[in-house]
Amino acid sequence: MAEKHHGAAIGAAGRAPAADRADAIRNVVLVGHSGAGKTTLVEQLLVATGTIQRMGRVEDGTTVSDFDEVEVRQQRSVNLSVAPMVHNGIKINLLDTPGYADFVGDLRAGLRAADAALFVVSATDGVDGLTRMLWEECSQVGMPRAVVITKIDHQRADFDQVLAECQDVFGEGVAPLYLPVVTNGHVAGLIGLLSQKFYNYATGTRTEKEPGAEYEDRIEEYRGALIEGIIQESEDESLMERYLSGEAIDTKVLIDDLEKAVARGNFYPVLASGLGVGAQELLEGITQGFPSPLEHPLPEITTLDGKPVTVKACDPDGPLVAEVVKTTSDPYVGRISLVRVFSGTLRPDMTVHVSGHGLADRGHEDHDVDERIGTLTCPLGKQQRAIAKGAPGDIVAVAKLARAETGDTLSEPERPLLMTAWSMPEPLLPVAIKAKSKADEDKLSQGLARLVAEDPTLRLENNAETRQLVLWCMGEAHTDVLLDRLAKRHGVEVERVPLRVPLRETFGGRCQAMGRNVKQTGGHGQYAICHLEVEPLPSGGGFEFVDKIVGGVVPRQFIPSVEKGVRTQMERGVLAGYPMVDVRVTLYDGKAHSVDSSDMAFQIAGSLALKEAAAKVATLLLEPVDEIAVLVADEHVGAVMSDLSSRRGRVLGTEPVGTGRTLVKAEVPQLEITRYAIDLRSMSHGTGSFQRTFLRYEPLPSHLTDKVTAED
């Protein structure tokens, strides 16, 4: 694989590579678990293309991709970043994504911006559960995929075993393009199965020669499987017959068919990489075997009122359709938007329409506004290099779009359009916070607004019942990064506080009570007496007020006043300050005064009567119960069901989902699952997920009632 292409400027160090044509661009997202070597692989390719002069190290915090201070401290990626480079006239935008499940939002953004996914699998660790899930996710949307097995030079590396694991886990269509050659425990080079050449790295630089006779059988075995896999996906039906008859198929024909098979999402080539080995082969694989933006089906595009619109992919003269795949806010630089251009051309100082819809439940208000594009840049880590335009198919950075948020669509003001948003997982870890000081309180709302604009996996809730500010996050690591950014980037110090679950109160039985509000103080006094009967209703019964007054003992105009007083007291609660529900209140007697009775007097009497009833009959606390659906691998079902039972949950049943996974349904009190997002991840080794839906309120056990009332 060594053909040359033209159409992109050379990406020498310090200069921004630019592409004039979509067929001279490759947008590739790196996918894989934390520690698989994605960031190190980016460094290798940047050096191999001359984009940077020296490789950085994750351990030293000197890599191009991991430039955020949080990433430097934690020595792992937490953000989506772009590393552009040029090889053989093709501009490659490598999108480095976090490998930790908490930051799946940035991973999904990378998948949206890319035209192919390169799964990075370590030769020492193999395929983990999270990588398997991501492969299935890409499969569902037909995302072109390839695999690179990294760390083949490690002393514990086993390329053949990990290759076999990839073929077993990822299914048919997985075939290697190269085979490592190991001599005396060291990787000497790679054998290209299509070229049948040995690329020798033993001297530190790549040299090409014929492979030794001792490799003939191995080459023949793997090469035959590779060629058959490619030909099976070929549009030329005569190729298989010609190949089986012994005819040699031209390598260029095989490479062209390989690229088409990858673009269709039916064939998955496997490459190999180690320090100092495999960078050139990987670059050739990306430029010649991966699809260009021209082969990427556009997401659904509509007008603002929902009418479908057909747009030609990567038309430089077509209507502008671009999407903000990542937003970052810097207190000094301002807001920077990473944008994928799907159609049309972005230029500095042009006016665009910014549309954002469908994420109001997560704190993103729907918005439609015209804004002026500032400087266009080609980002390389934290370095921003100015460029003249954003060509269709390219990924660029736009400065100072004040209203643009992650997921927004950029289009022409005279023809505003909207791209269907990509799916985002629901944040299920609630974390209650409060400002540390009055000064922090003043800055908190602005800092949180910026975090919400950047991160669609964050949901902000101002709970009116518990009077708590709650961040709904993806997990503990996600929470730590958000609070760190609040403090370091936006200067807002907050502290976590215990989360309060919104409980309810109700009466445990029937009783009668009197509310007496009689006060005589010079002038008009207060006079109102009402007799109530209270009784519980079934769960979900709400509130009923029954008027049984006869003879006018309570004047008609004051009966609504009694009801209003009862409702007000129910909202305040009578036991621990939680609203009362599922109660029937009957007004059956009372007294009034011709002068001193009033609306307010009877409101107070109604409230006092409810308090009196609470003193006579048991008052129960009710807790919210959710129905949850937990999706886990079959081997974790037993542990999950046992754990749910220990949380006072009732398992409703299980059902198989696809191959090797099971959906467990259960009813569980909310008090028991505030930290379930973390616990499930631990139980399922990062592969489990769950959804929750409010179901009903149920009585809280007495030992927990005592604990809650003591806390309140």
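Side chains included, hydrogens not; waters and symmetry mates left out as well; all remaining heavy atoms used.
The backbone N or O of Ala639 sits nowhere less than 3.5 Å from a side-chain atom of Ser642 that would complete a donor-acceptor pair. In this structure, Ser139 contributes its side chain and Trp135 its backbone to no donor-acceptor pair below 3.5 Å. Between the side chain of Thr150 and the backbone N or O of Ala36 there is at least one donor-acceptor pair closer than 3.5 Å. Formation of a donor-acceptor pair under 3.5 Å by the Asn27 side chain with backbone atoms of Ala114 is not found in this model. Under a 3.5 Å cut-off, the side chain of Ser122 and the backbone N or O of Gly126 do not form any donor-acceptor pair. Between the side chain of Asp153 and the backbone N or O of Leu275 there is at least one donor-acceptor pair closer than 3.5 Å. Using modelled atom types, no side-chain atom of Arg26 and backbone atom of Ile90 make a donor-acceptor pair closer than 3.5 Å. The closest donor-acceptor contact from the side chain of Asp256 to the backbone of Val253 lies at 3.5 Å or more, if one exists at all. Gln167 contributes a side-chain N or O that, together with a main-chain N or O of Val174, makes up a donor-acceptor pair within less than 3.5 Å. In this structure, the side chain of Thr406 engages the main chain of Glu454 through a donor-acceptor pair within 3.5 Å.
Between Ser292 and Glu259, the shortest heavy-atom distance links the atoms N-OE2, 4.4 Å. Taking all atoms of both residues into account, the shortest heavy-atom contact from Thr327 to Ala404 is CG2-O, 3.9 Å. When all heavy atoms of Cys473 and Leu458 are compared, the closest pair comes out as SG-CD1, 4.4 Å. When all heavy atoms of Asp115 and Pro293 are compared, the closest pair comes out as OD2-CG, 3.4 Å. The nearest pair of heavy atoms linking Thr97 to Asp106 is CG2-O, 4.3 Å. For the residue pair Ala24 and Ala19, the shortest heavy atom distance occurs at O-CB, 4.2 Å.
By the 6.0 Å contact criterion, CD on Glu241 is open, its count of non-hydrogen atoms from other residues, nucleotides or ligands being 12 or less. Atom CD of Glu228 has more than 12 heavy atoms from other residues, nucleotides or ligands within 6.0 Å. Atom CD of Glu635 is surrounded by more than 12 heavy atoms from other residues, nucleotides or ligands within 6.0 Å.
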Evaluation steps, side-chain contact (heavy atoms from CB on, under 4.5 Å), between Thr328 and Asp68 | CA-CA 11 Å; Thr328 55; Asp68 189 291; over 6 Å; no

I would like to know whether Arg675 and Glu476 meet salt bridge (charged side-chain N to carboxylate O under 4.0 Å, His left out); could you show each step before the answer?
-> CA-CA 9 Å; Arg675 307 276 295 173; Glu476 195 66 35; 3.0 Å; yes

Yes or no on side-chain contact (heavy atoms from CB on, under 4.5 Å) for Thr693 and Asp626, after CA distance, side-chain angles and deciding distance?
-> CA-CA 5 Å; Thr693 308; Asp626 284 356; over 6 Å; no

Take Val325 and Val339 through the test side-chain contact (heavy atoms from CB on, under 4.5 Å) and record every step on the way to the result.
-> CA-CA 6 Å; Val325 293; Val339 174; over 6 Å; no

Can you check side-chain contact (heavy atoms from CB on, under 4.5 Å) on Leu193 and Leu177, steps first, answer last?
-> CA-CA 6 Å; Leu193 292 175; Leu177 293 179; 5.9 Å; no

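Between the CG atom in Leu298 and the OG1 atom in Thr420 there is a gap of 11.0 Å [rounded to 0.5 Å]. Rounded to the nearest 0.5 Å, atoms CG (Leu190) and CZ (Phe159) are 8.5 Å apart. Between the OH atom of Tyr178 and the CG atom of Leu282 there is a distance of 9.0 Å, given to the nearest 0.5 Å. One distance of note links CD1 of Ile255 with CG of Asp257; it measures 10.5 Å at 0.5 Å rounding. The CG atom of Leu80 sits 10.0 Å away from the CG atom of Leu30 when rounded to the nearest 0.5 Å. Within the model, atoms CD1 of Ile673 and CG of Asp643 stand 11.0 Å from one another, a figure rounded to the nearest 0.5 Å.
Judged by distance alone, the side chains of Asp236 and Ser234 never bring a donor and an acceptor atom under 3.5 Å apart. Side-chain atoms of Asp125 and His33 include no donor-acceptor pair closer than 3.5 Å. Between the side chains of Thr39 and Asp96, at least one donor-acceptor pair of N or O atoms lies under 3.5 Å. A donor and an acceptor atom, one from each side chain of Ser81 and Asn79, are nowhere located under 3.5 Å apart. With hydrogens and angles left out, the side-chain atoms of Thr409 and Ser411 include no donor and acceptor closer than 3.5 Å. Thr51 and Thr49 share a side-chain donor-acceptor pair at under 3.5 Å.
In this structure the side chain of Val31 never reaches within 4.5 angstrom of the side chain of Val120, judged on heavy atoms. With a 4.5 Å cut-off on side-chain heavy atoms, Leu45 and Leu283 count as touching. No side-chain heavy atom of Val324 sits less than 4.5 Å from a side-chain heavy atom of Leu338. Within the 4.5 Å cutoff, the side chain of Lys326 has no heavy atoms near those of the Ser337 side chain. Contact annotation: the side chain of Leu271 never approaches that of Ile286 to less than 4.5 Å [non-hydrogen atoms, C-beta and beyond]. Using a 4.5 Å heavy-atom cutoff, the side chains of Gln196 and Arg223 are in contact. Counting only heavy atoms from C-beta outward, the side chains of Val270 and Ile149 approach each other to under 4.5 Å. Taking 4.5 Å as the limit, every side-chain heavy atom of Leu258 sits out of range of all side-chain heavy atoms of Phe290.
Salt bridge annotation for Arg218-Asp160: present, with a cationic side-chain nitrogen under 4.0 angstrom from a carboxylate oxygen. Asp634 has no carboxylate O lying under 4.0 Å from a charged side-chain N of Arg661, or vice versa, which leaves the two without a salt bridge. A salt bridge links Arg459 to Glu426: one of the charged nitrogens lies within less than 4.0 Å of a carboxylate oxygen. At a threshold of 4.0 Å, the pair Asp23-Arg21 counts as salt-bridged, since one of the basic side-chain nitrogens sits closer than that to a carboxylate oxygen. Checked for salt-bridge contact, Arg112 and Glu323 meet the test: a charged N lies under 4.0 Å from a carboxylate O. A salt bridge does not link Asp394 to Arg340: none of the charged side-chain nitrogens sits closer than 4.0 Å to a carboxylate oxygen. We find that Arg108 and Glu137 are joined by a salt bridge, their nearest charged nitrogen and carboxylate oxygen being less than 4.0 Å apart. For Asp128 and Arg132, the salt-bridge test fails: no basic side-chain N is under 4.0 Å from an acidic carboxylate O.
Tested against Lys307 for a side chain to side chain contact (heavy atoms under 4.5 Å, CB included), the candidates Thr303, Val309, Leu304 yield a single pass: Thr303.
Close placement of the Phe690 and Tyr676 rings is indicated, their centers lying within 6.0 Å of each other.
A cation-pi geometry, defined here as NZ or CZ lying under 6.0 Å from the six-membered ring centre and within 45° of its normal, holds between Arg76 and Tyr100.
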